[in-house]
Visitor: 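I have a structure I would like to understand better, so I am pasting it below and will then ask my questions one at a time.
Please read all numbers here as calculations on a predicted model, not as lab measurements. Keep in mind that the numbers below use all heavy atoms, side chains included, and drop hydrogens, waters and symmetry copies.
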Amino acid sequence: MASVSEIRDAIKTTLDANMADLHVYDTVPDAPNVLPCVVIIPFTASFDQAMGRGTDQWIFDLLVLCSGSEMDVRQDQLDSFIAGAGSNSIRQVIFQNRALGRTDCDAYVSELTEYGMRFPAAEIDHVGARLKLIVYTVGTS
């Protein structure tokens, strides 16, 4: 059974090991000051995915942020992080590392939402999008 903290750490470790150009925050910062970045945010959990509490489902928002300056360049950069494949694809990294380096997890990116959202931090507008990451783990007993 993996706790929410252990899953966040595993997501961070997986992305850090495979995406040198992306800073990963495994907790929500006051202001993300290193860009481009992804912020791992627990969204919801379901503890009744299998009988006898055999499987827990965690849903995380992966908030992907790029600098709002030079919008054309940053939007292209954002596109590379949310693409289905490619050297900067978060989806591809998760697909190729579904266990997140653990023996009790199975993860995949299920959807994209809020593309082009503006996220102001430190008086600077960032452009971003949210990826939904689904993680299944052995249930709590």
Side-chain angles (χ1 to χ4, degrees), residues 1-71 73-141:
M1 169 191 84
S3 70
V4 66
S5 294
E6 291 169 332
I7 296 169
R8 278 197 327 250
D9 290 345
I11 297 165
K12 178 178 176 28
T13 299
T14 299
L15 293 176
D16 280 343
N18 294 282
M19 302 192 74
D21 295 335
L22 184 68
H23 185 79
V24 182
Y25 292 95
D26 62 342
T27 58
V28 179
D30 289 333
N33 54 11
V34 179
L35 297 172
C37 72
V38 62
V39 181
I40 302 167
I41 306 168
F43 179 71
T44 188
S46 175
F47 303 116
D48 59 359
Q49 293 296 301
M51 294 184 339
R53 298 178 69 176
T55 303
D56 291 349
Q57 178 194 56
W58 290 90
I59 300 176
F60 292 85
D61 274 344
L62 301 182
L63 178 58
V64 184
L65 298 172
C66 296
S67 173
S69 65
E70 300 177 48
M71 188 55 74
V73 172
R74 300 307 177 205
Q75 194 163 338
D76 287 344
Q77 184 180 48
L78 177 61
D79 291 350
S80 72
F81 292 129
I82 63 169
S87 61
N88 283 336
S89 170
I90 293 170
R91 290 176 53 205
Q92 182 169 318
V93 166
I94 296 297
F95 180 77
Q96 293 174 339
N97 299 278
R98 290 182 64 113
L100 303 174
R102 298 183 57 92
T103 59
D104 58 355
C105 288
D106 183 45
Y108 68 95
V109 175
S110 67
E111 67 182 275
L112 165 75
T113 63
E114 296 186 71
Y115 180 87
M117 67 177 282
R118 300 284 192 224
F119 184 88
E123 299 183 17
I124 300 170
D125 265 348
H126 305 325
V127 63
R130 290 182 190 269
L131 294 173
K132 292 287 184 195
L133 175 66
I134 311 294
V135 180
Y136 290 98
T137 187
V138 175
T140 56
S141 56

Visitor: Taking it one step at a time, do V127 and Q75 satisfy side chain to side chain contact (heavy atoms under 4.5 Å, CB included)?
Guide: CA-CA 7 Å; V127 63; Q75 194 163 338; 5.6 Å; no
Visitor: What are the two closest heavy atoms between I7 and A2, and how far apart are they?
Guide: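 Taking I7 first and A2 second, the nearest heavy atoms are CG1-CB, 3.7 Å.
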Visitor: Does the side chain of V93 reach to within under 4.5 Å of the side chain of L15, using non-hydrogen atoms?
Guide: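 Yes. Closest side-chain heavy atoms under 4.5 Å.
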Visitor: Are there more than 12 heavy atoms of other residues, nucleotides or ligands under 6.0 Å from atom OH of Y115?
Guide: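 Above 12, so yes.
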Visitor: For R130, run the side-chain contact (heavy atoms from CB on, under 4.5 Å) check against I82, V64, I41 and tell me which one passes.
Guide: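 For R130, the side-chain contact (heavy atoms from CB on, under 4.5 Å) check succeeds only for I41.
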Visitor: Please give me the minimum heavy-atom distance between S89 and A83, naming the atom from each residue.
Guide: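 Of all heavy-atom pairs spanning S89 and A83, the closest is OG-O, 2.5 Å.
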Visitor: For G128 and L65, which heavy atoms make the closest approach, and how far apart are they?
Guide: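 Shortest heavy-atom contact: CA-CD2, 4.1 Å.
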Visitor: What distance do C66 atom SG and L22 atom CG have between them, rounded to the nearest 0.5 Å?
Guide: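 CG of L22 is found 8.0 Å from SG of C66.
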Visitor: Working to the nearest 0.5 Å, report the span between CG of D16 and CG of D9.
Guide: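 So the gap between those two atoms works out to 10.5 Å.
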Visitor: How many angstroms lie between atom CD1 of I94 and atom CG of L62, to the nearest 0.5 angstrom?
Guide: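 With rounding to 0.5 Å, CD1 (I94) is 7.0 Å from CG (L62).
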Visitor: First locate atom CZ of R8, then atom CD1 of I11, and finally report the distance between them rounded to the nearest 0.5 Å.
Guide: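 Separation between the atoms: 9.0 Å.
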Visitor: Which value, rounded to the nearest 0.5 Å, describes the distance between I90 atom CD1 and L112 atom CG?
Guide: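 Between I90 CD1 and L112 CG, I get 10.5 Å after rounding to 0.5 Å.
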Visitor: How many angstroms lie between CD in Q92 and CG in N18, if you round to the nearest 0.5 Å?
Guide: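 Between Q92 CD and N18 CG, I get 9.5 Å after rounding to 0.5 Å.
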Visitor: Just so I know, are the side chains of V109 and F95 near enough to count as touching, which here means a heavy-atom distance under 4.5 Å?
Guide: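 V109 does not reach F95 side chain to side chain.
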Visitor: Compare every heavy atom of T137 with every heavy atom of D104, then report the nearest pair and how far apart it is.
Guide: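 Closest approach of D104 to T137, heavy atoms only: O-OG1, 2.8 Å.
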